[in-house]
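Only one structure is covered here, and it is reproduced in the block below.
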Amino acid sequence: GIQLVYNIIVQETMSKTTPTNPLYKPDENNDNSMINTNALQLGGAAAAGAAAGLILGGGIVGGAGAALGVGAVYVATTKGTGGDVARSTGDAVSKVASRAKKIDEEHHLVEKTKNATIGVVKSAKALDEKHGIPDKTKKAAADVSVAANEFDKKHHLLDKTKKAAHDTGVALKNIDDKYHVVDNTKNATIGV
């Protein structure tokens, strides 16, 4: 996720943020003008912004991550404190990503994690095949359902519950007919 966004932004912004790009025209008289940044700063700022957006916006609002990532890239190209912070954050994220990649290359952590996960899944599958866990779970659920039905037949629990609910409704209606609780409540809330 974030690595993909980082790679795309690094590729896309490399040419867009250099003085050789015809769109790049810094305005030395404007404090909000674009300044020269490197792709690693922008990619790191985008990744940090995207991560912050996902944390703050949650998985449901995935667009928040993208929006903050794009915003961080823009801010990183501006002069001033915001730009300095965005570039510094971009540098830090870039260094962390580079170090993580180097560690993975040395120790093969991603591959080991993947293999461990595959091993856990295979073990769970073997355990299931050996002991028939889903079948036993289904049977236990069916047994509970049968026992609940037998209990209800013997004690008429559902019928008693339905009758109690009906009697409660009738009693409440009788109270309302006698004391006009609903009308009085409506009138009281309208006057507030």
Side-chain angles (χ1 to χ4, degrees), residues 1-134 136-138 141 189 192:
I2 291 177
Q3 180 66 40
L4 177 64
V5 170
Y6 176 82
N7 290 340
I8 291 169
I9 291 173
V10 166
Q11 291 169 1
E12 291 296 316
T13 57
M14 184 69 84
S15 65
K16 294 179 182 173
T17 60
T18 60
T20 58
N21 182 339
L23 297 177
Y24 178 83
K25 296 187 190 223
D27 179 2
E28 298 298 327
N29 298 323
N30 183 351
D31 284 342
N32 292 325
S33 65
M34 291 182 67
I35 64 168
N36 193 10
T37 56
N38 67 53
L40 294 176
Q41 286 175 323
L42 295 179
L54 290 173
I55 291 168
L56 296 174
I60 296 172
V61 191
L68 279 177
V70 171
V73 168
Y74 171 74
V75 171
T77 64
T78 62
K79 291 181 180 180
T81 305
D84 292 343
V85 169
R87 285 186 297 281
S88 176
T89 301
D91 284 336
V93 170
S94 176
K95 287 176 185 173
V96 168
S98 176
R99 180 71 178 131
K101 185 176 180 181
K102 189 174 184 178
I103 290 171
D104 181 53
E105 288 171 354
E106 290 174 16
H107 301 284
H108 309 287
L109 296 176
V110 171
E111 185 178 336
K112 288 177 182 177
T113 303
K114 178 181 160 186
N115 290 338
T117 302
I118 290 170
V120 168
V121 169
K122 284 182 180 179
S123 296
K125 196 172 191 178
L127 188 65
D128 172 43
E129 288 173 2
K130 182 177 180 181
H131 298 288
I133 294 170
K136 289 179 180 177
T137 303
K138 288 177 189 174
T189 57
V192 173

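Atom set for the values below is all heavy atoms of this structure, side chains included, hydrogens, waters and symmetry mates excluded. Position 1 is the first residue of the sequence, and the numbers go up from there.
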Please enumerate all residues that pass side chain to side chain contact (heavy atoms under 4.5 Å, CB included) together with [X], with sequence neighbours excluded.
X      : answer
Val85  : Thr81, Thr89
Glu111 : His108, Asn115
Ile133 : Leu127, Asp128, His131, Thr137
Lys125 : Glu129

Reported NZ-to-CD distance for the pair Lys101 and Glu105, which is rounded to 0.5 angstrom: 5.5 Å
Distance in Å, Lys112 NZ paired with Asp104 CG, rounded so as to fall on 0.5 Å steps: 9.5 Å
Sidechain N-carboxylate O distance under 4.0 Å for Arg87, Asp84: yes
Donor-acceptor contact present, side-chain Ser98 to main-chain Ser94, <3.5 Å: no
